Q: 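Sharing a structure, written as structure tokens. Questions coming.
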Amino acid sequence: MLELAKEQIAMGQTAPDKAHALRLLADRLVADGLVAEGYLQGLQDREAQGSTFLGQGIAIPHGTPQTRDLVYTTGVRLLQFPEGVDWGDGQIVYLAIGIAARSDEHLRLLQLLTRALGETDLAEALRRAGSAEALLKLLQGAPQALALDAQLIALNLPAEDFDELAWRGARLLQRANCVDSGFAAVLQQAEPLPLGEGLWWLHSERQVRQPGLAFVTPAQPVRYRDQPLTGLFCLASLGAAHQALLERLCEVLIEGRGQMLYQATSSRAVLEVLGGEAPADWPSARILLANAHGLHARPAKVLAQLAKRFEGDIRVRVVESGQPGVSVKSLSKLLSLGARRGQELELVAEPAIAADALPALLAAIEQGLGEEVEALPLVPETPAQPTVEKAKAPAAGSRVQGVGAAPGIACGPAHVVTERTYDYPLRGESYDQERHKLTQAVATVSADLQVLVQRSDAAIGEIFVTHQEMLADPALTDDVEQRLAQGESAAAAWVAVIESAASQQEALHDALLAERAADLRDVGRRVLAQLCGVQTQSEPDQPYVLVMSEVGPSDVARLDPARVAGIVTAQGGATAHSAIVARALGIPAVVGAGASVLLVENGTPLLLDGQRGVVNVAPPADELQRALAERDLREQRLQAAWANRFDPAVTRDGHAIEVFANIGESSGIAKVVEQGAEGVGLLRTELIFMAHSQAPDVATQEAEYRRVLDGLDGRPLVVRTLDVGGDKPLPYWPIAAEENPFLGVRGVRLTLQRPQVMEDQLRALLRAADQRPLRIMFPMVGQMHEWREARAMVERLRMEIPVADLQVGIMVEVPSAALLAPQLAREVDFFSIGTNDLTQYTLAIDRGHPSLSVQADGLHPAVLSLIDMTVRAAHAHGKWVGVCGELAADPQAVAVLLGLEVDELSVASRSVAEVKALVRQADSRTARALAREALQQDSAAAVRALVERY
Ligand code: PEP
Ligand code: MG
């Protein structure tokens with residue numbers, strides 16, 4: 001990620017011409033290890049294609065695609081030339097920013113610089129800057145754009161006087177994060193300025209975070225200082241950001257169009273007058289951007305120059321960003337869009353010029369704006385969605401193959417739940433009526449949630465408590481009320497506010513906040529259904545099989561296991577979170593069954609086998625009988641297993657294996673021993689970290705680990721050090737976005753980069769251990785040096801905090817670790833195989849992929865071979881091996897893993913008794929023969945078929 005820092009800046013450089021300046025930059029990039037020798041050629045070639053002068057005395061030299069391979073590390077180096085360097089065409093550069101980047105990362109830099117480029121007189125200030133700090137401040141500290149959008153406009157407020165109106169304006173600014181909470185008081189002390197036509201202006205620079213303008217109007221006539229008060233502008237002032245807006249406002253007033261503001265009935269109308277948004281009726285056109293590196297400086301310059309040929313306003317926005325448009329004529333504004341290849345642009349132009357301007361601009365964009373472009377693929381580069389229209393409903397008596405996600409046999413009528421759309425009026429009947437409707441709908445949904453809170457266990461109940469809190473959020477209610485006051489219907493106001501809040505959370509690019517956005521939409525939909533009088537599809541009376549496209553974990557958590565006999569989804573894979581929740585609730589589930597299952601008629605009898613991943617549609621009576629008999633048998637087996645859960649897991653021929661439990665939170669320990677586990681084989685400590693708003697300190701962690709060890713009462717505890725990063729960042733650890741998070745900085749790679757966090761965690765673990773058996777393992781180890789660095793830290797701390805019974809090992813979940821097992825086995829105390837990740841990395845299938853994860857089966861012979869290699873290497877050195885991925889609890893896999901001679905299986909607590917019983921039924925010699933044959937198969941399906949035959 002490109003960021004600016006003072007260490008990157010060299011002040012007071014001189015160069016007689018551009019060629020020398022480029023050489024100086026190239027030398028600096030090479031000396032700092034960012035690029036290899038030869039990059040200078042790239043800088044020169046790039047300038048030959050077109051100047052990298054940006055404006056305001058700044059140039060951004062960078063290489064060409066041909067020199068990209070010479071880049072070792074992405075970064076920038078800045079040279080200040082106080083005497084200036086002629087960059088061609090009389091353009092003088094005082095600051096050259098040399099970029100080393102392999103792809104379009106420099107778009108980020110352009111975004112950073114656009115604030116500076118919007119400034120006036122920056123060139124002179126850059127020339128005169130006396131220190132790197134001062135220069136950096138100039139680049140970063142330029143005034144920000146004025147915030148002015150629908151959120152900041154509230155019309156027809158029930159305000160009684162000027163003060164109340166000013167207070168409402170200040171609140172809007174506060175909610176938009178423009179000002180601190182003291183701004184309202186500050187504004188009361190400011191001197192109001194009459195603008196004419198009853199419009200007033202108030203502003204302050206104190207307590208301002210970013211510049212913003214709010215506009216509020218009173219519902220009933222109000223007078224102030226013996227003059228009418230029709231509307232009030234409240235400005236949170238910072239620098240000159242409001243200059244352009246003020247000029248437009250003056251024009252509006254001089255032209256006598258003030259009533260268009262205070263008589264406006266929608267915030268959009270106000271924005272149109274003030275020029276914040278293009279009028280809705282201006283012609284528009286959309287186009288996909290195909291330039292390989294997005295809208296970077298060169299194509300943006302071409303676009304801006306072309307737009308300047310037309311006299312009138314033309315704006316452009318990136319559709320998916322949800323941000324308002326910017327002027328196409330401003331290079332800096334265009335760069336601030338950060339538009340990437342594949343994103344859709346929307347151009348909007350004044351009616352007078354639209355017929356000429358839009359086709360010309362579209363054609364220029366299509367032709368690449370001066371660059372060669374490769375056409376975008378016809379099929380969008382997004383995961384395939386099941387095409388419901390094209391699929392055919394499976395015929396009666398047919399079998400649909402999916403993925404077994406939660407074991408068990410279930411039957412019942414199909415209850416197909418599909419996403420639905422809602423129709424509602426945009427304008428409401430009256431403020432009071434709409435408000436009443438909304439209050440009722442929110443109260444009904446909140447009461448439903450309360451039932452769910454009471455019905456669910458603590459962890460699942462928390463999801464619904466969060467939903468209740470979302471419904472009660474005063475910020476949401478305030479925003480909705482403002483819209484109702486402007487005449488919107490309850491449904492329209494509700495949808496707009498929920499959507500805007502959810503999009504804002506998503507825009508923060510934080511995985512956890514994105515999940516919150518999904519929750520917000522979820523709860524929002526429930527209120528909308530109430531408002532539209534749409535009953536959620538009524539559930540069949542008898543226990544049913546739920547059929548959905550995809551179920552989120554919160555959907556599953558919402559289900560009542562007494563009513564939902566089974567789950568079938570069109571998408572998803574066995575290690576998806578929803579599958580894990582289904583297993584935890586004990587509801588048989590088949591996932592990834594394909595789009596056709598969504599076309600099954602409601603009420604059609606379905607029989608599903610969550611073990612084999614098969615769904616039978618309207619099965620013949622005899623097949624149903626057989627399956628139900630099997631289910632009863634399984635039920636009896638489970639009961640017998642439960643009764644013997646405290647007995648050891650020993651095969652018929654006397655071979656013992658340990659069966660442990662996987663837990664995520666220290667509170668989970670209570671169930672572990674009760675369910676028959678002989679220890680904890682995987683404590684996923686990231687859940688402990690995620691439960692805190694900042695990294696828990698040593699004492700807090702120690703207390704958590706102690707609680708687990710106390711609960712185990714002398715049984716072993718295998719702890720995995722923090723496994724975050726990649727797709728599951730901690731909210732308090734900003735991690736740069738990565739293109740392939742699963743192949744990025746995660747697990748031990750991340751903690752080794754943050755040794756203090758790792759050290760705190762290890763310290764807490766060692767302190768908690770006392771005399772008890774503690775096993776520590778590191779996640780995602782793929783290289784010898786990672787293991788050695790992590791182990792060295794444990795050894796150093798161990799000198800300080802002696803522990804009687806400690807073993808240190810690694811998780812084997814990256815294929816390289818399994819392939820390196822002979823070398824690693826010399827040094828580790830144990831291995832624990834994480835089959836979830838090992839399968840995804842071996843088969844190159846994202847474990848959460850909507851359609852492919854169906855094939856990510858841990859019984860694939862390629863995965864089994866890696867397990868086999870790991871076990872052989874470990875045993876050759878007298879070390880033990882556990883399996884802690886989901887495969888360990890798969891009844892079809894238990895005998896195979898036994899046959900591969902693993903020493904321990906660690907599974908979800910509720911599977912412990914069943915896995916122990918399966919071990920007791922097995923014979924180790926037969927299991928070994930089975931495993932050898934399994935290794936010879938050519939697919940996971942063949943292995944499963946083989947297991948069935950044994
Ligand atoms: C695994 O990858 O198998 C594993 C146990 O770790 P997690 O599922 O937490 O990534
Ligand atoms: Mg893993």
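Everything numeric in this text was worked out from a predicted model, so none of it was measured. Counting starts at 1 for both ligands and their atoms, following the listed order.
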Q: Are the side chains of Val718 and Met777 in contact, using a 4.5 Å heavy-atom criterion?
A: yes
Q: Quick one: does Arg720 get a heavy atom under 4.0 Å from ligand 1?
A: yes
Q: Output the atom name for the N/O/S atom of Asp837 with the smallest distance to the Mg ion (ligand 2).
A: OD2
Q: Which residue is it: Asp713, Asp710, Asp805? I am looking for the one with a salt bridge (Lys or Arg N to Asp or Glu O under 4.0 Å) to Arg772.
A: Asp710
Q: Are side-chain N/O atoms of Gln840 and Glu813 paired as donor and acceptor at under 3.5 Å?
A: no
Q: Looking only at side-chain N and O atoms, does Gln756 offer a donor or acceptor that is under 3.5 Å from a partner on Asp760?
A: yes
Q: Are a donor atom and an acceptor atom from the side chains of Ser865 and Asp868 found within less than 3.5 Å of each other?
A: no
Q: Which of the atoms of ligand 1 are close to Cys884, meaning less than 4.0 Å from one of its heavy atoms?
A: 5 (C)
Q: Short N/O distance, under 3.5 Å, between Asp837 and ligand 1?
A: yes
Q: Side chain of Tyr705, backbone of Gln761: donor and acceptor closer than 3.5 Å?
A: no
Q: Under 4.0 Å from any heavy atom of Arg684, which atoms of ligand 1 are there?
A: 4 (C), 5 (C), 6 (O), 7 (P), 8 (O), 9 (O)
Q: Pick out which of Val724, Leu682, Thr721, Leu750 makes a side chain to side chain contact (heavy atoms under 4.5 Å, CB included) with Pro779.
A: Thr721
Q: Could you pull out, from Val812, Thr839, Asn836, the option with a heavy atom nearest to atom 3 (O) of ligand 1?
A: Asn836
Q: Below 4.0 angstrom from a heavy atom of Leu682, which ligand 1 atoms are there? Numbered from 1 as shown, please.
A: 5 (C)
Q: So, is Arg746 polar-close to ligand 1, with some N/O to N/O distance under 3.5 Å?
A: no
Q: How does Glu886 reach ligand 1, if at all, at less than 4.0 Å between non-hydrogen atoms: by side chain, backbone, both, or neither?
A: neither
Q: Dump the intermediate steps for salt bridge (charged side-chain N to carboxylate O under 4.0 Å, His left out) on Glu702 and Arg706, then the final yes or no.
A: CA-CA 6 Å; Glu702 186 186 333; Arg706 246 178 216 290; 3.2 Å; yes
Q: Have a look at Glu813 and say which of its N, O or S atoms is nearest the Mg ion (ligand 2).
A: OE1
Q: Would you kindly specify which portion of Leu838 sits under 4.0 Å from ligand 1, judged on non-hydrogen atoms: side chain, backbone, both or neither?
A: neither
